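Working notes, beginning with the structure itself.
Only a predicted model underlies this, so the values are computations on that prediction, with no experimental measurement involved.
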Amino acid sequence: MGNEIWEKNLAAIDQQYPVFADMLREKKYSEDEVEVQVERSLDNETIFRVKKQGQPLYLGGKRDAKQPVEIWAELFGEIHKYAAVFLFGIGSGAYLKALMKDFPKEANIIVYEPSINIFLTLLREVDLSREIEKHPIGFIVEGLNETEFTPVMRNSLVLENYRYMKEYVHPNYKKLFGEEIRKYVKQLQRYIERIIVERNTWHVMSISTAQNIIGNLRYIAEGYHPQLMVKAIPHDGAAILVSAGPSLNKNIHELKRAKNKCLIVAVDTAIKPLLNAGIVPDLMATVDALKPIGLIDIKGSEEIPLVAPPAAVPALVEHQKGKKFFYFDGHSLPMHLYSMNHKKFSDVAIGGSVACAGFSLIYKLGFDTIILVGQDLAYTGNRAYADGTFQDIMPEEITGHMTMVKGNYEEKLPTSEDLRIFLEWFENYIKGMKQRRNVTVYNATEGGAYIEGTEVITLKEILDQVCQGEEIDFAGRIRDLESEFSPEELKKAMEYVDGIPEQLAEIHKYAKELRKIYIRLQKQGNSGNLNQDAVGKLLRKVKKYTNKCMLKTAYELIEDSIALADSLVRIEQFEEANTMKDEIKEIARKGIIYSDLLLECSSLLEEYAKEVLFAKKGQV
């Protein structure tokens, strides 16, 4: 009988996950695992008696096994159509079977089982083929495919459905597998927190992004972008990217002899330590829309040429008196200054951090020898940054909860989730670079995480090799660059910038009309008899005025600022109306929210644009 059930279950799994089924066919019981015995409860239900380290426990009631599951299913409540449900521990399958009775076809179910022996016993003793065939189940089994938990979790949970998520830990699993269960439950909870934090950060930063772009528009219109440096700077030598990881303290003094031998690009956070060490980089890179200007508040920093995205902090941009090079970062409004003059606005791959942007910049400048310094991507010595960045002496951090990664000089060292993502970005970007060109990346960080695709070397050793040729005045060549724009093109770009407040005023006017239309639409939804012709006319007017707004290039500033409205729509896209009237009322309700935010943001940004753009008119 056991073999027949086994084959039925595997055949069902094979239809959904053939690779997983093959893994199960090859997997044997583990002698170091728990001992599993199959019994029948007094109410004739299959139950498992598990022994771990001599302690026997039943994964279900010994006498009454059926009723507790029925009560649990009732208390578990209704499962939303688009929910993600996580079941930690499968036991004898009773809770899974109860869950699957009325499980929505659109919802996701993920089952984590910490014991391979329990899982193999289940597939041999309990027929789950009907449940598996009815709905794909994401089985994650420790010792088999546990590395799939993170990608499966991320695919199942998004901003739009996280609030419908449900989780349940099978009875007695906390006693038997407490450490394993806590690991994945914590990971799930941290991911939910991350979604919420990113959503809130998105809302907070959205208005800052629009304001930053407005604040930088006159500088962007000057017509300097990174590709202008390609012809001016020789790239047959080496370039150094200096980041602010804790290992920078170990070899920062070596960088003095690289001046005018290699192009030195520094991230903004590394500026203070470099200048304090008497080293002036040739370029400074910044990215963050909320970067504190205090990081570069040191004499001499203002003369360093800047490379930045349009959404960089305007106060930081204004602080820099040297050349300001901007690159395309996905915002179409700054790009319009170039496209209207039939010019190309060059890009840089941001990758989420200023170090990623600096690395991409060096590659796009044509350098085939790139040296990384201070690129720890981990908490070397349990520190986040080099001394002299945020504090004169950076304190040690608590890192016990962090992920451990392979080190350049240490077997393992801790890293945060963000840094791990940046580490993966570097590895993928290096892999892509090498497919296009013969690029060599030397990691002279002398600490930190190992980056696949790099050659680990000390800074002294690599500088001995690359600092042999004649000196090149990189800073001087950058300083002498001329704008991409002719005087006529520069005038045209500046006139466009002057017209931004007027565009925002027109959007505000259209938003007023939109709100009136949505209110009329709401009245239709609330009326006793729905007039479909009237509704059709109103919806066409909605489209007309929405298009009028969107045709204004300044509308992108509004889009950045009303992220909250977009979030409301995205979260509620899984809510379904029961009738046509309900749907019209819902469209109207969301439309009024959108119109109100459109009115508010267009008004605020119009006033901000007038204040900032006209104040800077005589400065640029």
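Annotation: salt bridge (charged side-chain N to carboxylate O under 4.0 Å, His left out) contacts of Asp297 (sequence neighbours excluded): none. Looking at residues two or more places apart in sequence or on another chain, you find a salt bridge (charged side-chain N to carboxylate O under 4.0 Å, His left out) between Glu106 and Lys81. By the ring-ring contact (aromatic ring centres under 6.0 Å, His included) test, His336 is found to be paired with Tyr496, residues two or more places apart in sequence or in another chain being considered.
Taking the side chain as every heavy atom from C-beta outward, Val242 and Leu372 never approach each other to under 4.5 Å. Side-chain contact between Ile220 and Pro310 is present, with heavy atoms from C-beta onward closer than 4.5 Å. In this structure, the side chains of Thr454 and Glu427 stay at 4.5 Å or more apart for every pair of heavy atoms. Taking the side chain as every heavy atom from C-beta outward, Tyr219 and Tyr224 never approach each other to under 4.5 Å. By the 4.5 Å heavy-atom criterion applied to side chains, Leu306 and Val317 are counted as neighbours. Looking at heavy atoms from C-beta onward, Phe345 lies in side-chain contact with Pro334 at the 4.5 angstrom threshold. Thr209 places a side-chain heavy atom less than 4.5 Å from the side chain of His331. Side-chain contact between Lys512 and Ser595: absent, with no pair of heavy atoms (C-beta onward) separated by less than 4.5 Å.
Interatomic distance, OG1 of Thr369 versus CG of Leu263, reported as 12.5 Å (0.5 Å rounding). Taking CG of Leu337 as the start and NE2 of His225 as the end, the distance is 12.5 Å to the nearest 0.5 Å. Annotation: the span from Arg589 atom CZ to Glu586 atom CD amounts to 4.0 Å, rounded to 0.5 Å. Residue Leu333 holds its CG atom at 6.0 Å from CD of Glu556, rounded to the nearest 0.5 Å. Rounding to the nearest 0.5 Å places OH of Tyr545 at 13.5 Å from CG of Leu598. Ile233 contributes atom CD1, which lies 10.5 Å from atom CG of Leu228 (distance to the nearest 0.5 angstrom).
Classification of Glu506 and Lys552 as a salt-bridged pair holds, one side-chain N sitting under 4.0 Å from a carboxylate O. Ion pairing between Glu513 and Lys509 fails under the 4.0 Å rule for side-chain N and carboxylate O.
Between the side chains of Glu417 and Thr403, no donor-acceptor pair of N or O atoms lies under 3.5 Å. Inspection of the Ser247 and Asp376 side chains reveals an N or O donor paired with an N or O acceptor under 3.5 Å. Checking Thr440 against Glu455 by side-chain atom types alone, no donor-acceptor pair falls below 3.5 Å. Looking only at atom types and distance, the side chain of Ser603 has no donor-acceptor partner in the side chain of His508 under 3.5 Å away.
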task = Before giving the answer on side-chain contact (heavy atoms from CB on, under 4.5 Å), spell out for Tyr442 and Ile370 the whole-Å C-alpha distance, their side-chain angles and the decisive distance to 0.1 Å.
result = CA-CA 6 Å; Tyr442 295 97; Ile370 305 174; over 6 Å; no
inquiry  = Evaluate Leu283 against Met229 for side-chain contact (heavy atoms from CB on, under 4.5 Å), listing each step before the verdict.
reply    = CA-CA 11 Å; Leu283 287 169; Met229 291 186 273; 3.8 Å; yes
key: Criterion side-chain contact (heavy atoms from CB on, under 4.5 Å) on Lys259 and Leu255, from CA distance to verdict   = CA-CA 7 Å; Lys259 183 65 178 176; Leu255 289 168; over 6 Å; no
key: side-chain contact (heavy atoms from CB on, under 4.5 Å) between Met153 and Ile110, worked out   = CA-CA 8 Å; Met153 173 187 69; Ile110 298 91; over 6 Å; no
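In terms of heavy-atom proximity, Gly245 sits nearest to Ala386 at O-CB, 3.3 Å. Scanning both residues, Ile500 and Ala554, for their nearest heavy atoms gives CD1-CB, 4.4 Å. Of all the heavy atoms in Gly300 and Leu275, the pair that sits closest is C-CD1, 4.0 Å. Ala609 approaches Ile214 most closely through the heavy-atom pair CA-CG2, 3.8 Å. Taking every heavy atom of both residues into account, Leu241 and Ala355 meet most closely at CD2-O, 3.5 Å. Of all heavy-atom pairs spanning Cys601 and Ile558, the tightest one is C-CD1, 4.1 Å.
Within a 6.0 Å sphere centred on NZ of Lys541, heavy atoms belonging to other residues, nucleotides or ligands number 12 at most. By the 6.0 Å contact criterion, NZ on Lys321 is enclosed, its count of non-hydrogen atoms from other residues, nucleotides or ligands being greater than 12. Enclosure of atom CD in Gln187 by more than 12 non-hydrogen atoms of other residues, nucleotides or ligands within 6.0 angstrom is indicated. At most 12 heavy atoms of other shown residues, nucleotides or ligands fall within 6.0 angstrom of atom NZ in Lys344. The environment of CG in Asn438 is sparse: at most 12 heavy-atom neighbours from other residues, nucleotides or ligands sit within 6.0 Å.
Ring geometry for Phe367 versus Phe474: interplanar angle of 30 to 60°, hence tilted.
Lys434 places a side-chain N or O within donor-acceptor distance of the main-chain N or O of Gly453, the cut-off being under 3.5 Å. Within the 3.5 Å criterion, the main-chain N or O of Tyr385 finds no donor-acceptor partner in the side chain of Thr389. Between the Asp282 side chain and the Ile264 main chain, a donor and an acceptor come within less than 3.5 Å of each other. The main-chain N or O of Ile421 is never found under 3.5 Å from a side-chain atom of Glu424 such that the two would form a donor-acceptor pair. At least one donor-acceptor pair closer than 3.5 Å links the side chain of Asp473 to the backbone N or O of Gly476. In this structure, the side chain of Ser483 engages the main chain of Phe485 through a donor-acceptor pair within 3.5 Å. Panel note: side chain Gln320, backbone Ser301; a donor-acceptor pair is recorded below 3.5 Å. Proximity of a side-chain donor or acceptor of Ser339 to a complementary backbone N or O of His342 within less than 3.5 Å is not detected. Between the side chain of Asn212 and the backbone N or O of Ala311, at least one donor-acceptor pair lies under 3.5 Å. The main-chain N or O of Gln375 is found under 3.5 Å from a side-chain atom of Thr445 such that the two form a donor-acceptor pair.
Considering Glu302, Met284, Lys272 in turn, Met284 is the only one that fulfils the side chain to side chain contact (heavy atoms under 4.5 Å, CB included) rule with Ile296.
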Could you pull out all donor-acceptor pairs under 3.5 Å where a side-chain atom in residues 356-365 meets a protein atom, sequence neighbours excluded?
unit_1 : atom_1 : unit_2 : atom_2 : d
Ser360 : OG     : Ala349 : N      : 3.0
Ser360 : OG     : Tyr429 : OH     : 2.8
Lys364 : NZ     : Asp347 : OD1    : 3.0
Lys364 : NZ     : Asp347 : OD2    : 3.4

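Residue pairs satisfying the salt bridge (Lys or Arg N to Asp or Glu O under 4.0 Å) criterion with at least one member in residues 476-486, sequence neighbours excluded, are absent. Here salt bridge (Lys or Arg N to Asp or Glu O under 4.0 Å) pairs that include residues 595-606, with residues two or more places apart or in two chains, are Arg515-Asp596, Glu606-Lys610.
Seen from the ring of Tyr338, Lys343 does not count as a face-on cation partner, given the 6.0 Å and 45° thresholds.
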